[in-house]
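Computed from heavy atoms alone, side chains included, the values below leave out hydrogens, waters and symmetry copies.
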Amino acid sequence: MQRVRVRFAPSPTGYLHVGGARTALFNWLFARHYGGDFILRIEDTDLVRSTEESVQAIFDGLTWLGLDWDEGPGKDGDHGPYYQTERLEIYRRYAQELIDKGRAYYCYCSPEELDQRRKELLAAGQAPRYDRKCLGLSAAEVERYKAEGRVPVIRFKAAEVGRTIVDDLVRGKVVFENEVVDDFVIVKSDGMPTYNFAVVVDDHLMEISHVIRGEDHLSNTPKQIQLYEALGWEVPQFAHISMILGPDKTKLSKRHGATSVIQYKDDGYLPEALLNYLALLGWSYNATDNLFTKEQLIEYFTLDGVSKNPAVFDYAKLQWMNGVYIRQTSVERLTDLCRPFLEQAGLITRDLSPAELARLTKIVAEMQTRLKTLNEIADLTSYFFTDVEYDEQALKNLRSELAPQVLERLAADLEGMPEFTQAALEAEFAKLMEEFDVKLGKLIHPVRAAVTGRAVSPGIYETLLLIGRDEVLKRLRAGAAKAKELLAE
RNA sequence: GCCCCCAUCGUCUAGAGGCCUAGGACACCGCCCUUUCACGGCGGCGGCAGCGGUUCGAAUCCGCUUGGGGGUACCA
């Protein structure tokens with residue numbers, strides 16, 4: 001078997017989309033599995049839509065996911081350059097070769113004219129294919145067009161009979177009648193190659209062995225195969241993976257939720273979680289496993305496991321998986337990951353003293369089983385850093401005859417306690433349980449409400465300890481006052 | 001319009017003619033654990049799009065219908 005060389009070839013016209021990331025991932029896994037090369041190529045021939053920021057977004061997204069490339073921008077190999085706009089001379093050469101071979105020709109039809117004729121054909125119920133008006137242009141006609149100031153495109157002279165078969169690794173043999181492919185443009189009037197042309201030239205010159213890409217490219221493949229054949233080149237292996245859909249089964253887009261890889265980072269997803277989830281969209285290893293490390297994915301990934309049906313992006317499952325990875329990671333790393341979110345919420349500062357960091361780490365540890373995404377950390381832990389604000393449920397838990405008594409009594413006892421420890425707290429609550437003759441829960445609910453302003457928090461002892469004695473006393477007394485106030489109403 | 005792809009629980013999927021009274025995961029619903037919320041454990045709900053074939057036997061093969069997706073650009 002020849003050396004495996006695959007590529008991810010995005011066009012830099014926006015952020016890195018999760019669909020693109022999934023294509024990159026499959027290519028990357030394929031390369032790593034077979035010990036081949038993963039190449040990154042930037043398809044920036046659309047001068048209008050391509051931007052520098054988008055190129056950076058692609059780098060950032062891939063890097064965040066840990067998808068490193070063996071050749072590409074910033075990593076020169078023997079097959080560069082890796083930006084198509086830097087390869088124009090190459091495309092020009094092969095376009096000329098096709099013209100010389102009689103397999104391509106200049107076309108002076110304007111977009112407006114083409115559009116009109118296309119509409120006419122459509123209206124007549126016919127396939128909207130190019131009518132070859134410019135195929136046999138005489139020298140005089142060419143001169144006339146030039147005099148009119150027309151700038152030509154170059155069209156490929158497609159086969160008119162027979163059929164082109166795409167032998168696809170995931171879909172099997174797909175047959176296209178050649179009569180359905182018309183003389184498509186290979187070089188635009190601005191001198192840029194079109195996608196179908198550049199992709200063939202580059203994939204050949206870069207010695208790509210397998211073209212793994214989205215299913216939206218399947219219909220273009222016969223054009224590309226005809227180009228390979230006209231140029232006398234070997235056709236690579238194709239594998240078209242299905243699309244990623246939104247919950248309404250249409251192509252995934254912004255209105256379905258986040259589609260940008262970096263958006264997931266900003267929303268508090270771990271890269272390994274997104275990676276794992278993406279791997280499962282359209283690929284599976286066996287009937288039972290869902291969780292895979294990157295190493296396992298590399299070991300298990302083959303095209304056999306790729307399914308043909310489109311996959312709906314399931315935010316709920318991604319979220320569950322993110323929770324799994326949050327629980328799996330170390331508290332230290334989790335703390336580091338949470339810090340930017342807490343900083344952004346204004347709950348902590350960028351620089352923390354060792355004591356502050358130690359406390360933060362304990363707080364994060366308490367949240368580890370409660371987080372689905374990192375960005376939840378701020379809301380879940382705000383009362384550890386700021387004054388309490390009672391929410392509705394907390395107010396309810398405070399509104400009882402027992403509450404003020406319990407809170408005041410507890411405050412008094414805690415103040416005089418020799419040690420503020422979990423054991424001491426447990427003993428104290430046990431004592432109060434007897435004194436007030438109530439179950440533990442009856443005690444805890446108002447205390448939690450007073451101390452956190454919430455009905456939900458970590459275990460009460462852990463919470464009290466993390467808030468600290470002085471602050472606890474303050475909050476208990478404030479809570480007692482609030483409770484009385486509520487009763488008076 | 002024409003061409004191509006796809007079709008198993010709500011979702012991702014296992015299933016490559018008898019192992020399927022269709023398995024797993026997420027979601028959902030119960031129960032257990034429990035000071036709340038999570039986590040965890042246990043259980044439940046729920047599907048082979050329809051119709052015709054082929055076969056002793058079909059989720060699995062074939063055809064049609066229906067539904068969804070993609071392409072049909074001087075976008076990629």
What one-letter contact string describes nucleotides 32-43 of chain B from 5' to 3', where B marks a base within less than 4.0 Å of any protein heavy atom, S marks contact via sugar-phosphate atoms alone, and - marks no contact? ---BBBBSS---
Heavy atoms under 4.0 Å is the rule here; annotate nucleotides 3-17 of chain B 5' to 3' with B where the base is hit, S where only the sugar-phosphate is, and - elsewhere. SSBSSS--BBSS---
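In this structure, CD of A:Q319 is placed 9 Å from P of B:A27, rounded to the nearest angstrom. Note: CD1 (A:I186) to P (B:C75) measures 14 Å, nearest angstrom. Rounded to an integer number of Å, the gap from A:R155 CZ to B:A73 C1' is 10 Å. Going from atom OH of A:Y91 over to atom C1' of B:C74 covers 16 Å, rounded to whole Å. Residue A:D289 contributes atom CG, which lies 13 Å from atom P of B:C26 at whole-angstrom precision. Atom CZ in A:F238 sits roughly 21 Å away from atom P in B:G70 (whole-Å rounding). Protein atom CG of A:D182 is 6 Å distant from nucleotide atom P of B:A73, rounded to whole Å. Rounded to whole Å, atom P of B:C74 lies 16 Å from atom CZ of A:F156.
A donor-acceptor contact closer than 3.5 angstrom is absent between the side chains of A:S242 and A:R171.
Residue A:Y106 qualifies as open at atom OH: its count of foreign heavy atoms under 6.0 Å is 12 or below. Within a 6.0 Å radius of CG in A:D437, other residues, nucleotides and ligands contribute 12 heavy atoms or fewer. Counting heavy atoms of neighbouring residues, nucleotides and ligands inside a 6.0 Å radius, atom CD of A:E148 exceeds 12 of them. More than 12 heavy atoms of other residues, nucleotides or ligands sit less than 6.0 Å from atom NZ of A:K188.
Listed by chain and residue number, A:H210, A:Q237, A:A239, A:L303 satisfy the side chain to side chain contact (heavy atoms under 4.5 Å, CB included) test with A:L169 (two or more places apart in sequence, or in another chain).
Using N1 to N3 plus N6-O4 or O6-N4 for Watson-Crick, or N1-O2 and O6-N3 for G-U wobble, each under 3.5 Å, B:U11 pairs with B:A25. B:U34 is unpaired under the criterion used here, namely a Watson-Crick or G-U wobble arrangement in which both key atom distances are under 3.5 Å. Using Watson-Crick or G-U wobble geometry with both donor-acceptor distances under 3.5 Å, B:C45 finds no partner in any strand shown. Pairing partner, B:G67: B:C6, with both Watson-Crick or wobble hydrogen-bond distances short of 3.5 Å. Base-pair partner of B:U60: not found among the strands shown (Watson-Crick or G-U wobble, both distances under 3.5 Å).
Each of A:L318 and A:D46 was matched to the nucleotide of RNA chain B holding its nearest heavy atom; the match closer to the 5' end belongs to A:L318. In terms of position on RNA chain B, the residue among A:D216 and A:R118 whose nearest nucleotide sits closer to the 5' end is A:D216.
Taking atom P on both nucleotides, B:C33 is separated from B:A27 by 22 Å, rounded to a whole Å. Between B:C3 and B:U65, the distance separating the two P atoms is 12 Å to the nearest Å. Between B:C5 and B:G43, the distance separating the two C1' atoms is 40 Å to the nearest Å. For B:U66 and B:C51, the P atoms lie 15 Å apart once the distance is rounded to whole Å. When the C1' atom is used for both B:C19 and B:A58, the distance is 15 Å, rounded to whole Å. Nucleotides B:C48 and B:U13 are separated by 13 Å at their C1' atoms, to the nearest Å. As rounded to the nearest Å, B:G71 and B:G30 have C1' atoms that lie 48 Å from one another. B:C20 and B:A76 have their C1' atoms separated by 44 Å, with the value rounded to a whole Å.
At a threshold of 4.0 angstrom between heavy atoms, the contacts of A:K251 are confined to the sugar-phosphate backbone, with no base atom among them. If you check every strand for non-hydrogen atoms under 4.0 Å, A:T250 touches sugar and phosphate atoms only.
For the pair A:R454 and A:Y383, the cation-pi criterion (under 6.0 Å, within 45° of the ring axis) is not fulfilled.
Note: A:F26 and A:F301 meet the aromatic proximity criterion, with ring centroids under 6.0 Å apart.
A salt bridge links A:D413 and A:K431; the closest N-O separation between the charged side-chain nitrogens and carboxylate oxygens is under 4.0 Å. Under the 4.0 Å criterion applied to side-chain N and carboxylate O atoms, A:K294 and A:E299 are not assigned as salt-bridge partners.
Comparing atom distances between the A:T194 side chain and each of B:G69, B:A76, B:C26 picks out B:A76 as nearest.
Listed for the A:S54 side chain is a donor-acceptor partner under 3.5 Å among the backbone atoms of A:G14.
Residue A:K188 places at least one side-chain N or O closer than 4.0 Å to OP1 or OP2 of B:C75.
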